[in-house]
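Following: one structure in structure tokens, then a few remarks.
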Amino acid sequence: MGAYSDMYARWQADPQGFWAQAAEAIDWVAKPTAILDDSAKPIYRWFPGGTVNTAWNCLDRHVLAGRGDQDALIYDSPVTNIKTRFTYAQLLAKVAELAGALRLRGIEKGDRVIIYMPMVPEAVFAMLACARLGAIHSVVFGGFAAKELATRIDDAKPKAILSASCGVEPGRTVAYKPLLDEAIEIAQTKPGFCLILQRPMLEASLVAGRDFDWGKVVPGSAPADCVPVASTDPLYVLYTSGTTGIPKGVVRDNAGHMVALAWSMKHIYGIEPGEVWWAASDVGWVVGHSYIAYGPLLVGATSILYEGKPVGTPDAGAFWRVIAEYGVAALFCAPTAFRAIKKEDPEGKLVGQYDLAKFRTLFLAGERGDPDTIQWAERLLGVPVIDHWWQTESGWPMVANLVGVELLPVKYGSPSVPVPGYDIRVLDNDNKEVARGDIGSIVVKLPLAPGALPTLWHNDEGYIRSYLQDFPGYYKTGDAGYIDEDGYLYVMSRTDDIINVAGHRLSTGGMEEVLASHQAVAECAVIGVADALKGQVPIGFVVLKSGVNRPEAEIERELVKLVRDRIGPVAAFKTVTVVKRLPKTRSGKILRGTMRKIADSEAWTMPATIDDPVILDEIAENLRTVGYAKEAKGAA
Ligand code: COA
Ligand code: AMP
């Protein structure tokens with residue numbers, strides 16, 4: 001057997017022994033009394049009885065071990081022309097000082113703190129400062145609008161919100177503070193205080209008594225020490241799109257998370273202490289949590305925090321510049337970033353200007369890694385390009401080609417094989433395993449690995465209903481696909497209404513709720529259609545209420561603005577079309593799947609249960625006017 005098969009078999013034979021050994025990679029205040037607590041099935045908890053601190057493991061212990069002068073975090077911001085390096089000792093000082101300032105204002109273990117910040121180093125300081133105090137952070141992505149932020153405030157009930165005056169997107173400054181003020185206004189729960197980082201590009205006005213200026217109150221604060229927390233105490237809550245407009249609060253615990261991430265850095269990504277690692281994501285997403293902030297620091301690597309885009313900041317050579325400048329060993333990004341680079345510089349001419357000698361591996365995840373993009377990157381960079389599959393809920397890869405263990409042959413279109421900790425199965429609707437090569441629901445046999453969500457925030461029942469109920473004994477990933485003869489997984493689609501726009505996970509149901517709230521709209525549907533750059537983009541169909549006789553173009557413009565204002569620019573909702581009727585089954589279910597196939601010019605069959613087939617012709621006609629359904633591949 002090869003090294004990967006050996007390791008997977010070792011985990012299968014003794015999962016608890018496997019994780020007990022992995023747990024030696026972190027410092028414990030008190031060792032756990034057991035490895036797995038399965039007394040409250042189907043909810044499992046890893047490393048019960050133990051006591052730890054995540055910030056200690058990310059910072060203090062490395063400084064004590066002599067790593068204090070090594071770079072921990074490199075901030076590179078082409079949008080502001082700022083580059084700053086923080087050694088482990090400097091990062092520890094920044095985090096302890098911020099933790100001190102928070103503690104002074106009443107933040108304690110178990111309190112929630114929302115972090116609504118752009119890609120600045122203070123966002124990482126904030127996460128680690130919360131971890132230091134045992135406070136539970138919840139980072140909200142900056143591209144979300146006030147309403148989305150308000151929903152998260154009401155669920156997390158934070159004692160404090162940490163934010164900045166603005167974000168910087170290419171060509172525009174995004175004022176965060178008005179969005180924060182509006183969100184607090186809408187929310188039922190009001191935070192005790194806000195700490196605002198004033199950025200020089202756009203200073204915000206502060207609300208007296210509620211808002212503090214970060215630059216004035218944090219420097220000089222007495223540093224706070226690490227507060228020991230239980231293994232199973234939450235480190236953070238990260239909200240992710242579910243099947244409605246209400247996001248799910250994914251809980252991450254402290255010990256299981258650390259053990260899993262430290263293990264993954266070495267065995268999946270092949271990163272050694274002291275090496276430079278770059279996850280080109282955002283702190284608002286799970287990739288930013290696991291692989292900008294926590295993972296690299298847990299293993300004593302150097303992490304890059306990049307405030308820029310793959311193209312346009314200033315050009316399609318930006319990624320190569322960063323890799324060369326800092327000697328990056330491995331990069332993790334979404335395939336969409338490479339599609340953007342390929343579009344601007346199809347022959348990859350800009351690579352030639354940089355020395356990529358230290359670069360070993362490119363990792364792609366967040367959406368399907370399309371073979372064209374993977375092969376293009378392979379040719380261009382001459383290194384392994386590794387697609388791997390996971391989700392916010394798992395917190396770290398479930399299926400991957402484990403470069404740090406053994407590089408298996410790459411099969412295009414597949415993220416490869418199960419990671420130890422995850423027993424991946426493909427089931428039919430009767431909970432039975434399908435034959436190899438047959439498509440079904442991708443599920444994971446319980447218990448999930450350490451690091452994966454133990455539950456949803458204050459919502460065990462919602463956790464069970466959303467993930468565990470449909471396939472008893474298994475966790476439902478919401479993805480569909482198949483496993484081939486060699487055990488490689490192929491992820492083909494979602495089984496729910498989630499779409500993936502430029503690696504960002506969004507709910508079409510949430511967008512439908514926004515469209516339906518417009519006074520002119522009688523009913524609506526939103527589907528995700530194929531997009532050469534972003535993978536998928538949403539398009540909306542609305543039926544107007546009878547008697548509405550305003551120009552359709554005017555209503556369409558209002559609807560696009562409404563989604564941008566309510567969900568945020570990240571939804572990339574730019575196309576909506578007024579239709580006379582929506583295609584439905586006789587029982588009234590909207591035929592979204594058929595609409596999507598027509599839009600993508602895929603072959604489709606007339607659903608037997610359709611109410612009125614003519615409507616699909618009308619939909620195809622509408623789609624052509626907005627640039628889709630170019631080739632008619634319809635069935636009679
Ligand atoms: N704050 C405020 N607005 C933001 C934002 C933030 N943090 N991040 C994105 N936005 C805005 C953008 O400005 C854009 O607004 P626009 O409609 O006015 O142009 C919109 O949200 C969509 O942003 P984005 O998805 O980044 O698309 P883009 O067209 O600006 O860039 C890519 C396209 C492919 C270059 C870009 O999507 C990319 O780099 N993707 C990487 C994906 C990624 O990191 N995924 C994380 C999971 S690994
Ligand atoms: P998120 O929770 O935002 O990380 O999104 C997770 C979802 O993105 C998964 O459930 C998949 O639908 C999709 N996804 C992530 N990585 C991959 C991949 N490598 N291949 C296919 N789909 C992926």
Test side chain to side chain contact (heavy atoms under 4.5 Å, CB included) on Leu179 and Asp181 and set out the steps. CA-CA 5 Å; Leu179 297 175; Asp181 290 340; over 6 Å; no
Do you know which two heavy atoms are closest between [X] and [Y], and how far apart they sit?
X	Y	result
Ser231	Val52	CA-CG2, 4.3 Å
Ala572	Pro538	O-CD, 3.6 Å
Thr373	Pro335	CG2-O, 4.0 Å
Lys159	Gly106	NZ-O, 2.9 Å
Ile136	Pro234	CG1-O, 3.5 Å
Ala145	Asp565	CB-O, 2.9 Å

Within a strict 4.5 Å, meaning less than it, do heavy atoms of the [X] and [Y] side chains meet?
X	Y	answer
Gln198	Leu206	yes
Leu197	Pro118	no
Arg199	Val168	yes
Val328	Lys358	no
Ile555	His518	yes
Met511	Phe573	yes
Thr508	Leu506	no
Leu362	Cys333	yes

If you take the centroid of each ring, where Trp contributes its six-membered ring, are [Y] and [X] closer together than 6.0 Å?
X	Y	result
His137	His289	yes
Trp320	Phe338	yes
Phe193	Trp214	no

Side chain [X], main chain [Y], donor-acceptor under 3.5 Å:
X	Y	value
Ser221	Val217	yes
Gln90	Thr87	yes
Asp71	Leu73	no
Asn57	Asp27	yes
Asp76	Lys83	no
Asp497	Ser507	no
Ser138	Val237	yes
Asp282	Trp285	no
Glu275	Thr302	no
Gln536	Asn500	yes

Check whether more than 12 heavy atoms from other residues, nucleotides or ligands sit under 6.0 Å from atom CD of Glu554, and answer yes or no. yes
Would the number of heavy atoms belonging to other residues, nucleotides or ligands and lying under 6.0 Å from NZ of Lys343 be above 12?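 Not more than 12 within 6.0 Å, no.
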In terms of side-chain geometry, is the basic nitrogen of [X] or [Y] positioned less than 4.0 Å from the acidic oxygen of its partner?
X	Y	answer
Arg103	Glu97	no
Lys309	Glu169	yes
Arg132	Asp60	yes
Arg339	Glu367	yes
Asp211	Lys177	yes
Lys216	Asp213	yes
Arg566	Glu513	no
Arg505	Glu393	yes

Check the pair Thr54 / Asn254 against side chain to side chain donor-acceptor pair (under 3.5 Å), numbers first and verdict last. CA-CA 6 Å; Thr54 294; Asn254 274 275; 2.7 Å; yes
Does a donor on one side chain and an acceptor on the other come within less than 3.5 Å for Tyr306 and Thr313? yes
State, without any angle test, whether Thr189 and Asp154 hold a side-chain donor-acceptor pair at a distance under 3.5 Å. yes
Are Met119 and Ser77 close enough, and set up right, to give a side chain to side chain contact (heavy atoms under 4.5 Å, CB included), and what steps lead you there? CA-CA 9 Å; Met119 285 287 284; Ser77 170; over 6 Å; no
List the steps and the verdict of side chain to side chain donor-acceptor pair (under 3.5 Å) for Ser303 and Tyr75. CA-CA 9 Å; Ser303 180; Tyr75 169 55; over 6 Å; no
Option among Phe144, Tyr176, Phe141, Tyr239 that satisfies the ring pair (Phe, Tyr, Trp, His ring centres under 6.0 Å) test with Tyr116: Tyr176
Consider ring pair (Phe, Tyr, Trp, His ring centres under 6.0 Å). Of Phe332, Tyr326, Phe319, which one does Trp278 pass it with? Phe319
Go through the steps to decide whether Arg252 and Tyr236 satisfy the test side chain to side chain donor-acceptor pair (under 3.5 Å), and finish with yes or no. CA-CA 5 Å; Arg252 196 80 60 210; Tyr236 69 76; 2.8 Å; yes
So, taking the atom named [atom1] in [X] and the one named [atom2] in [Y], what distance separates them when rounded to the nearest 0.5 Å?
X	Y	atom1	atom2	result
Leu261	Tyr294	CG	OH	10.0 Å
Ile26	Trp263	CD1	CH2	15.5 Å
Asp253	Asp233	CG	CG	9.0 Å

Any chance you could lay out the side chain to side chain contact (heavy atoms under 4.5 Å, CB included) test for Val251 and Leu456, step after step, and finish with the verdict? CA-CA 5 Å; Val251 172; Leu456 293 177; 5.6 Å; no
What do the steps show when you test Phe363 against Tyr291 for ring pair (Phe, Tyr, Trp, His ring centres under 6.0 Å), and what is the final call? CA-CA 12 Å; Phe363 294 94; Tyr291 295 115; 9.2 Å; no
Arg105 to Phe212, cation-pi by 6.0 Å centre distance and 45° axis angle: yes
Can you check side chain to side chain contact (heavy atoms under 4.5 Å, CB included) on Cys226 and Leu59, steps first, answer last? CA-CA 10 Å; Cys226 294; Leu59 300 170; over 6 Å; no
Salt bridge (charged side-chain N to carboxylate O under 4.0 Å, His left out) assessment of Asp155 paired with Arg112: CA-CA 10 Å; Asp155 197 67; Arg112 271 82 59 210; over 6 Å; no
